[in-house]
S.K.: 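Would you mind keeping the following structure in view while I ask a few things?
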Amino acid sequence: MKIQFTSEQAALRDELRQYFRALMTKELRDECERDMGEGGGPLWREALRQMGRDGWIGLGWPESLGGRGLTPLEQFIFVEEVMRAGYPFPFLTTESVGPILAEHGNAWIQREIVPKILAGDLLIAIGYSEPGAGTDLANLKTRAERDGDDWVINGQKMWTSLAHFCDYTWLAVRTDPEAPKKHKGISMFLVPNSDPGWSCTPVHTLGGVRTNATYYDNIRVSDDHRVGELHGGWKLITGQLNRERLSLINFGPSAELFNATVRWARDTELPAGGRVIDQGWVQMNLARCRAAIECMKLIVYKQSWAMTAGNLEMADASAAKVYGSETFIELYRALGEIVGQAGLLRDGAGCDSARRLERLYRTASIITFGGGTNEIQRDIISAAGLWMPRASR
Amino acid sequence: MDFGFSSEQQDIRQLARQILGEQVSAESLKAYDEYAAPRFDRALWRTLSEAGLVAVPVSEAEGGGGFGFMELALLLEEVGRSIAPVPVLSHCVGGLMVLERFAGSDLKQRLLRPALAGELLLGAAVLEAGNEDPVNPLLTRAETSGDGLRLNGSKQAVAFARQSDYLLVAARHVDGVAVCFVDTRAPGVTLQDCQSTAFEPQAHVLLDNVEVAAEYVLEPSDGAAIMHWLGERLCAAHCAHQIGVADAAMRMAASYTSERQQFGVPVATFQAVGHRVADCYIDIECLRLATYQACSLLHDECEAGVETRIAKIWAGDTGHRVNYATQHVHGGMGIDRDYSLWRYSLWLRHNEMTLGGSSVHLAALGRSLAAGEGLFA
């Protein structure tokens, strides 16, 4: 038990912070801003390739898979720093689907897909939800049917975020319509978005961020594009979601936003006299945020450590997701109260924290249901963490 | 960064869990309810001492077990899990650890050695009426008297005061803060028993021209740093105790609701019930991580002011929420004195409030932030 960075880990963080200070040029920042913090622009893509060339993306991956052989904790330090720098890092591709492909992919995937992920050259969207399959994901209807040596895929997915600039979709499809249990008849495919049968239409959301509906019309792929066992996709989905839950609650940007808001409150005089931070309620709000983010930090470090030790518990991954997502929303509220009226102005009236909080508050509602709704996470905690019986569904 | 336990740490935890599991039960705790007897199981205390657990935080060179504060925290967690009637916290933190760190060889000979041999019980008198800050005594005064000190004033609600042989006392001195050990039987010392929410043996300590010989003075006037050091460790120790109490209460709630049937099904199958317990799980994980972080930093004598406050904020919030959630899902059983949850409820409250509730520490953390400290690295 030693809850401190080793000197190597501290040095890595410093090196990365310096690296990203140089990488995040004003032009790149402006482009990311324009793209609503989602990425996808040309400068953004080039910066990702740069990170790949510099060997950062696979920092914590085993050397046998083309990584640098450090642990998931170092990998997390990298992701924390890249996101802290304000770069919309495509963690679904690199931290969530990527490792599953590396572990379960066939020879073609190992050869053609994985190296490109580590090179920052290939992006993957996630195709799970459908109009009739959300929380009850196993109810999905999109299907893949065998035709000779190939598969033919038909169906529709919802909330396929980032799909409009991704290269592939990590697609959950039904391969056995007769399976007695719905989740036993699902397989995973990697479908090229360049296929003429692939299309997408935008869905515009509260926060201004675009997501998509995607359509799969007689897409023909070889068996190489299938990942893992036939009808064994459910295990890959849950494994991917566990990893996604960890990436979703990266605390780096929150720690940075907190620091910036404290500095602003220290440096800003009130018209009536005194500094913003001299007000007792401001200090209380800040202290609450400080204590809350500290635990977010500890939870994710512990989970990165547990992944290294190979004992990431399902209940703990779910606890991290619930705690992190609900904490983000409270943070945006508490810090938003401090910046006050400026937090309603889209330019933040000269206060950078206010500008960010204006957007964060309206884009935050996705996080309590995205990546698996928090009700399901709490079910997992009480069942897997405390052995409490669950109602049958 | 390592969140795992060493094999020694696992052994200490295991040994404590085994002894406390065997010797503490709802039946044995019943003897102390409503102060029917002082809540101090001397036979259990002897067993813990003989097993080497009481001496865990003291180095081998000083005759201790050769471990540190982190290992003591793990022991305290187990004491909390069983809400055992033993003075591990006050004796080990307020007595042994302070002496090892700050006493000269003469005072170590007088107090530390016999305390490790089980001949003396030690404690710390750190709270005053209306003043929960150990660093800043306001109602106890010290003046120079010969080579030693003369004390006047009072300390409030001192744990195990009547059972202790010597108590650490901090007092305001004209030049700063004096810190010394006071013989509880010395002339001028009056112990006034008081009754506390969790039935812990406590007394107000009244000091009327109490003479303390130079040999028992840790620091005549420059003792604020000692009290700062001790205050942080006492806080973290209460947090460690709280982990055990809260975890035990949550597990009681999980198993009770899994068995209790209503409408023909276990009540745990109602999402509203399961989710309430899941929230306890998340709260306790946060308390655990914040506490382990503070303890591991304090163990290594690293700066941990912010981290310790954060742990105590979680000990307060988690204590409060777990208390009422576990009571609630138990229905009437939670308050029934024939079932054991009610005592846990009292200890959750004890740890929440002792040395300051969450708001006290939030306000202090807020002041630090305003003063330019405590940003994220």
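Only this structure's heavy atoms are used, side chains among them; waters, hydrogens and symmetry mates stay out. The chains referred to below are lettered A, B, ... by the order of the sequence lines, with proteins before strands, and numbering in each begins at 1.
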S.K.: Please determine, among V322(A), L298(A), I381(A), the option with the most heavy-atom pairs under 4.5 Å with chain B.
M.R.: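 Ranked by heavy-atom pairs under 4.5 Å with chain B, first place is L298(A).
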S.K.: Which one of I310(B), L375(B), L365(B) has the most heavy-atom pairs closer than 4.5 Å to chain A?
M.R.: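 Result: the option with the highest number of such pairs is L375(B).
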S.K.: For C302(B), which atoms come within 4.5 Å of any heavy atom of chain A: side chain, backbone, both, or neither?
M.R.: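 Side chain of C302(B) only, per the 4.5 Å heavy-atom cut-off to chain A.
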S.K.: Without swapping roles, check the side chain of H328(B) against the backbone of G334(B) for a donor-acceptor pair under 3.5 Å.
M.R.: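 A pair under 3.5 Å: no.
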S.K.: Quick one: OG1 on T261(A) to CG on N285(A), what's the gap to the nearest 0.5 Å?
M.R.: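 Output value for this atom pair is 11.0 Å.
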S.K.: Pick one: which of Y323(A), F328(A), Y301(A), F258(A) meets ring-ring contact (aromatic ring centres under 6.0 Å, His included) with F251(A)?
M.R.: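 Among the candidates, only Y301(A) passes.
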S.K.: Keeping the roles fixed (side chain from R84(A), backbone from E256(A)), state whether a donor-acceptor pair exists under 3.5 Å.
M.R.: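 No, R84(A) side chain to E256(A) backbone: no donor-acceptor pair under 3.5 Å.
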S.K.: Non-hydrogen atoms of chain A under 4.5 Å away: do they reach the side chain of A377(B), the backbone, both or neither?
M.R.: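 Both parts, heavy atoms under 4.5 Å.
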S.K.: Is it the backbone or the side chain of L73(A) that comes under 4.5 Å from a heavy atom of chain B, or both, or neither?
M.R.: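 The side chain, not the backbone.
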S.K.: Flag the one option from H299(B), E285(B), H275(B) with the top tally of heavy-atom pairs under 4.5 Å to chain A.
M.R.: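 Heavy-atom pair counts peak at H275(B).
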S.K.: Most heavy-atom pairs under 4.5 angstrom with chain B, which of V282(A), T6(A), D316(A)?
M.R.: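 Top count of heavy-atom pairs under 4.5 Å with chain B: D316(A).
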S.K.: Y344(B) side chain to R81(B) main-chain N or O, any donor-acceptor pair under 3.5 Å?
M.R.: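 Here the side-chain-to-backbone pair exists.
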S.K.: Is any side-chain heavy atom of I249(A) closer than 4.5 Å to a side-chain heavy atom of I367(A)?
M.R.: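 Of all side-chain heavy-atom pairs linking I367(A) with I249(A), none is under 4.5 Å.
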S.K.: So, using salt bridge (Lys or Arg N to Asp or Glu O under 4.0 Å) as the criterion, who are the partners of R349(B) when residues are at least two apart?
M.R.: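 If we apply the salt bridge (Lys or Arg N to Asp or Glu O under 4.0 Å) test to R349(B), skipping adjacent residues, the hits are E352(B).
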S.K.: Verify the distance criterion only: is there a donor paired with an acceptor across the side chains of W314(B) and T318(B) at less than 3.5 Å?
M.R.: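 Looking only at side-chain atoms, T318(B) and W314(B) do not form any donor-acceptor pair under 3.5 Å.
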S.K.: Closer than 4.0 angstrom, basic N to acidic O: yes or no for R290(A) and E307(B)?
M.R.: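 No, no charged N to carboxylate O under 4.0 Å.
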S.K.: Which residue out of S358(B), G374(B), G372(B), S255(B) racks up the most heavy-atom pairs below 4.5 Å with chain A?
M.R.: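 Option with the greatest count: G372(B).
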S.K.: Tell me, do F270(B) and T257(B) make a side-chain contact under 4.5 Å, heavy atoms counted?
M.R.: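 No, their side chains stay 4.5 Å or more apart.
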S.K.: Using non-hydrogen atoms only, which part of R309(B) is less than 4.5 Å away from chain A: side chain, backbone, both, or neither?
M.R.: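 No part of it gets close to chain A.
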S.K.: Can you tell which part of Q377(A) gets under 4.5 Å to a heavy atom of chain B, answering side chain, backbone, both or neither?
M.R.: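 Neither part; nothing is under 4.5 Å.
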S.K.: When you check the gap from the basic side-chain N to the acidic O, do E375(A) and R378(A) get nearer than 4.0 Å?
M.R.: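 No salt bridge links E375(A) with R378(A).
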S.K.: Could you state the interatomic distance from CE (M250(B)) to CG (N323(B)), rounded to the nearest 0.5 Å?
M.R.: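 Interatomic distance, M250(B) CE to N323(B) CG, rounded to 0.5 Å: 14.0 Å.
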S.K.: Any idea which of E294(A), R275(A), R263(A), R13(A) has the most non-hydrogen atom pairs under 4.5 angstrom with chain B?
M.R.: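 Of E294(A), R275(A), R263(A), R13(A), E294(A) has the most heavy-atom pairs under 4.5 Å with chain B.
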S.K.: Please look at R266(A) and chain B and tell me whether the side chain, the backbone, both or neither of the residue comes under 4.5 angstrom of a heavy atom of that chain.
M.R.: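 Contact with chain B is through the side chain of R266(A) alone.
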S.K.: Select one option (side chain, backbone, both, neither) describing which atoms of I293(A) are under 4.5 Å from chain B's heavy atoms.
M.R.: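 Both parts, backbone and side chain.
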S.K.: Return the option, out of D300(B), V265(B), I313(B), with the maximum number of heavy-atom pairs under 4.5 Å with chain A.
M.R.: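 Of D300(B), V265(B), I313(B), D300(B) has the most heavy-atom pairs under 4.5 Å with chain A.
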S.K.: Using a strict threshold of under 4.0 Å (side-chain N to carboxylate O), is an ion pair present between D247(B) and R288(B)?
M.R.: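 Yes, R288(B) and D247(B) are salt-bridged.
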S.K.: For chain B, which candidate among S392(A), A292(A), C295(A), G280(A) shows the most heavy-atom pairs at distances under 4.5 Å?
M.R.: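 Most pairs with chain B among the choices: C295(A).
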S.K.: Examine whether an atom of Q4(A) lies under 4.5 Å from a heavy atom of chain B, and if so say whether it belongs to the side chain, the backbone or both; otherwise answer neither.
M.R.: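 Both parts, backbone and side chain.
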S.K.: If we define contacts as heavy-atom pairs under 4.5 Å, which of M296(A), M284(A), K297(A) has the most with chain B?
M.R.: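 If we count pairs closer than 4.5 Å to chain B, M284(A) comes out on top.
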S.K.: If you count heavy-atom pairs within less than 4.5 Å of chain A, which of A254(B), A370(B), A268(B) leads?
M.R.: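 That would be A370(B).
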S.K.: Report, in residue-number order, which members of residues 5-14 of chain B are under 4.5 Å from chain A by heavy-atom distance.
M.R.: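 Under the 4.5 Å heavy-atom cut-off, F5(B), Q9(B) qualify.
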S.K.: Salt-bridged, D352(A) to R355(A), with N to O below 4.0 Å?
M.R.: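 Between R355(A) and D352(A) there is a salt bridge, with a charged N closer than 4.0 Å to a carboxylate O.
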S.K.: Is a donor from one side chain sitting under 3.5 angstrom from an acceptor on the other, for Q242(B) and H238(B)?
M.R.: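 No, no side-chain donor-acceptor contact under 3.5 Å.
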S.K.: Counting only non-hydrogen atoms closer than 4.5 Å, does A315(A) touch chain B with its backbone (N, CA, C, O), its side chain (CB onward), both, or neither?
M.R.: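 Contact with chain B involves both backbone and side-chain atoms of A315(A).
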S.K.: Hey, are the side chains of W305(A) and F76(A) touching, using non-hydrogen atoms and a 4.5 Å cut-off?
M.R.: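 Sidechains of F76(A) and W305(A): no contact.
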S.K.: Out of I277(A), V262(A), N259(A), which one racks up the most heavy-atom pairs below 4.5 Å with chain B?
M.R.: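 Ranked by heavy-atom pairs under 4.5 Å with chain B, first place is N259(A).
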